[in-house]
Amino acid sequence: MASAPSSTAAGDRAARRDERAAGRSAYESVIERLSKASVDKHWEPYRDIPWDEPEFLVRRADPRWELPEADRLGGHPWYRSRPPEVRAEIGLWRVATAMKIGLQFENLLKRGLLNYAYRLPNGSPEFRYVYHETIEEGHHGMMFQEFVNRTGLPIRGMARPLSAVAQVAPWIPLISTELFFVFVLGGEDPIDHVQRKVLKEGRAHHPLEETIIRIHVAEEARHISFARHYLRDRVPRMPAYRRHLLGVAAPVVLGVMARIMLAPPGPMIRRFGIPARVVSEVYLRSPAARQEIRDSVSRTRELCAETGLINGFTRRIWQVMGIS
Ligand SMILES: [Fe+2]
Ligand SMILES: [Fe+2]
């Protein structure tokens, strides 16, 4: 027979332990549900996308690639005064660059997930889920690269120095798995934000672009959900000093990642001779551009606030990074 708690303090400790156990089993059942959903609902690019159907072929001058007026570059008088085929090629260039940067980010992400999974103990529910996610990201990488190849354009992803620095990302799980999943959300949330906006635009998109985005949004919902549940489960249990360090690092990682995902592609600016004043008006000095960066991390910012990562000190860092 279990003995009665010797004091209220002991009773409180036991209650807190029970609460943690309940929270833990809720967390584990979320992971099991996500793993099952990965089996029930997933897509394969070379089985589920009819790449060679006539209406799925990519033609550079297709007016459906043109940026809409509501887009900051698309609505700019400089863009509107270009001939239609140039407007279409700029739009296609931008879509393809976003996919190229997306697949580079996901390449780093997959390597990091595998580094994380390598050390997981037997019976860990995260192991199976993380393998499902790695496989899905493998399909996304093939899907994005196939699209880029079919444009025939010389698309480059991240700038070379940035790409060199980014090679540390897969090793973050060896230092802190919590920081790694902040990095994951830092890339996945802005991509998801932009892709959901495209689907909501209500104009005719190229069927290939639309199919790729729909597949990606559907599968990313699971990845984002996992990262969020992981952080909700782990951050409150971190030792105070580690949580404080994470609170400092999180806004830096998120601010840099959002800019990588949303920045104007340099090769596009050079190829089409976009004047510096247009780039500055559209991307750098525009209040709408700054708002876009803030909006793209808003869900992760709320999560950080909820898990106690934002306090008087770290709030200043969010402000400096322009994402508060
Ligand atoms: Fe993905
Ligand atoms: Fe993902």
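When a ligand or atom number is given, it counts from 1 through the structure's own listing order.
The N, O or S atom of Glu220 lying closest to the Fe ion (ligand 1) is OE2. Glu137 has its closest N, O or S atom to the Fe ion (ligand 2) at the position named OE2. His140 contributes atom ND1 as its closest N/O/S atom to the Fe ion (ligand 1).
When each of Arg59, Arg64, Arg60 is checked for a side-chain hydrogen bond (donor to acceptor under 3.5 Å, both in side chains) with Asp62, only Arg64 meets the rule.
The residues Asp192 and Lys197 are annotated as not salt-bridged, no charged nitrogen and carboxylate oxygen being separated by less than 4.0 angstrom.
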For a salt bridge (charged side-chain N to carboxylate O under 4.0 Å, His left out) check, start with the C-alpha distance between Glu133 and Arg222, then their side-chain angles and the critical distance, and finish with the verdict. CA-CA 8 Å; Glu133 182 166 324; Arg222 287 196 287 269; over 6 Å; no
Verdict with reasoning, Gln167 to Arg111, per side-chain hydrogen bond (donor to acceptor under 3.5 Å, both in side chains): CA-CA 10 Å; Gln167 301 309 313; Arg111 288 188 267 154; 3.2 Å; yes
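Between Phe181 and Tyr116, the ring planes lie perpendicular to each other; the angle is over 60°, past the 30° to 60° tilted range.
The nearest N, O or S atom of His223 is closer to the Fe ion (ligand 2) than 2.8 Å. Residue Glu106 counts as close to the Fe ion (ligand 1), with an N, O or S atom under 2.8 Å. For the Fe ion (ligand 1), the set of nearby N, O or S atoms under 2.8 Å includes none belonging to Glu219. Residue side and main chain included, Glu188 places an N/O/S atom under 2.8 Å of the Fe ion (ligand 2).
Going from atom CD1 of Ile31 over to atom CD of Glu28 covers 6.5 Å, rounded to the nearest 0.5 Å.
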